[in-house]
Amino acid sequence: MRLDKYLSDLGIGTRKEIKKLINSGLVTVDGETVYKADFKVSESSCITLDGETLVYSQYQYFLLNKPRGYLCTKDGAPNVLELVPDNYKDLNPVGRLDKDTEGLLIITNDGQLTHRLISPKYHIDKKYYFECDNPLPENAAELLAQPIDFSDFTSLPGILEPVNETSGYLTIQEGKYHQVKRMIGYLGSTVTYLKRTEYAFLNIEDLAVGEYRELTAEEINGLKGETENE
Ligand code: URA
């Protein structure tokens, strides 16, 4: 790939800024200062910027604890993308959480992985903590363990773990519009607070609301593994 693409993938700057850095002699490739933006490099080239050795990665993967009030849609403010570094191209949330939902959100520019993670083909567990206004019926767990026929889709069985009469955890494998709210609505209650606590093997116990961290290589590989078997 071209040297300027390598640097751009790492979020070093705009093409113009990168050209300036290269022209100023701040970039070396395998020990030699390089002045050409289209100089050919590979992932294994040893590249330094201002004396610092760079480690290449084509994509970025962030785990965010989304606060209430932030939107996951492309346009609309405040937006979840404001909460992660803004120097990378094409970052997008994996699926959506409602504006008033908190919790675990993956943000990445790996379009292929995003596509696979949101595909209904792979049944990835998503666990939500909810609070609701009316007490849950005694047979709530049985009711949600059956497919429910909504007007636009029939839900796969969900696993309900009540905490008390008006709160609990619901694990589902889909991500239909307002799905948790609608499943709790089916029980005759309205969700008053919703937080996604787990996505596959990931949780956000180490992140305060509004905080993010990068996923580790092991976690990224784990997510890819989740989309291997249908
Ligand atoms: N289900 C909902 O109802 N809302 C969300 O944000 C996520 C799942």
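Whatever order the structure lists them in is the order used to number ligands and atoms, beginning at 1.
For Tyr177, there are no ring pair (Phe, Tyr, Trp, His ring centres under 6.0 Å) partners, not counting sequence neighbours.
Using a 4.0 Å cut-off between charged side-chain N and carboxylate O, Lys127 and Glu161 make a salt bridge.
Between atom CE of residue Met183 and atom NZ of residue Lys181 there is a gap of 14.5 Å, rounded to the nearest 0.5 Å.
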Show every donor-acceptor pair shorter than 3.5 Å between a side-chain atom in residues 214-222 and any protein atom, with sequence neighbours excluded, or say none if there are none.
unit_1, atom_1, unit_2, atom_2, d
Thr216, OG1, Glu219, N, 3.0
Thr216, OG1, Glu219, OE1, 3.4
Glu219, OE1, Arg213, NH1, 2.9
Glu219, OE1, Thr216, N, 2.9
Glu219, OE2, Arg213, NH2, 2.8
Asn221, ND2, Ala217, O, 3.4

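Counting only residues at least two apart or in different chains, salt bridge (charged side-chain N to carboxylate O under 4.0 Å, His left out) contacts with residues 130-148 are absent.
Using a 30° and 60° split on the angle between ring planes, Tyr61 and Tyr59 fall in the perpendicular class, above 60°.
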Present, as a list of atom pairs with distances to 0.1 Å, all nitrogen or oxygen contacts under 3.5 Å between ligand 1 and the protein.
unit_1, atom_1, unit_2, atom_2, d
ligand 1, 1 (N), Val180, N, 3.1
ligand 1, 3 (O), His178, O, 3.3
ligand 1, 3 (O), Gln179, N, 3.4
ligand 1, 3 (O), Val180, N, 3.3
ligand 1, 3 (O), Lys181, N, 3.1
ligand 1, 4 (N), Asp98, OD2, 2.7
ligand 1, 6 (O), Asp98, N, 2.7
ligand 1, 6 (O), Asp98, OD2, 3.4
ligand 1, 6 (O), Thr101, OG1, 2.8

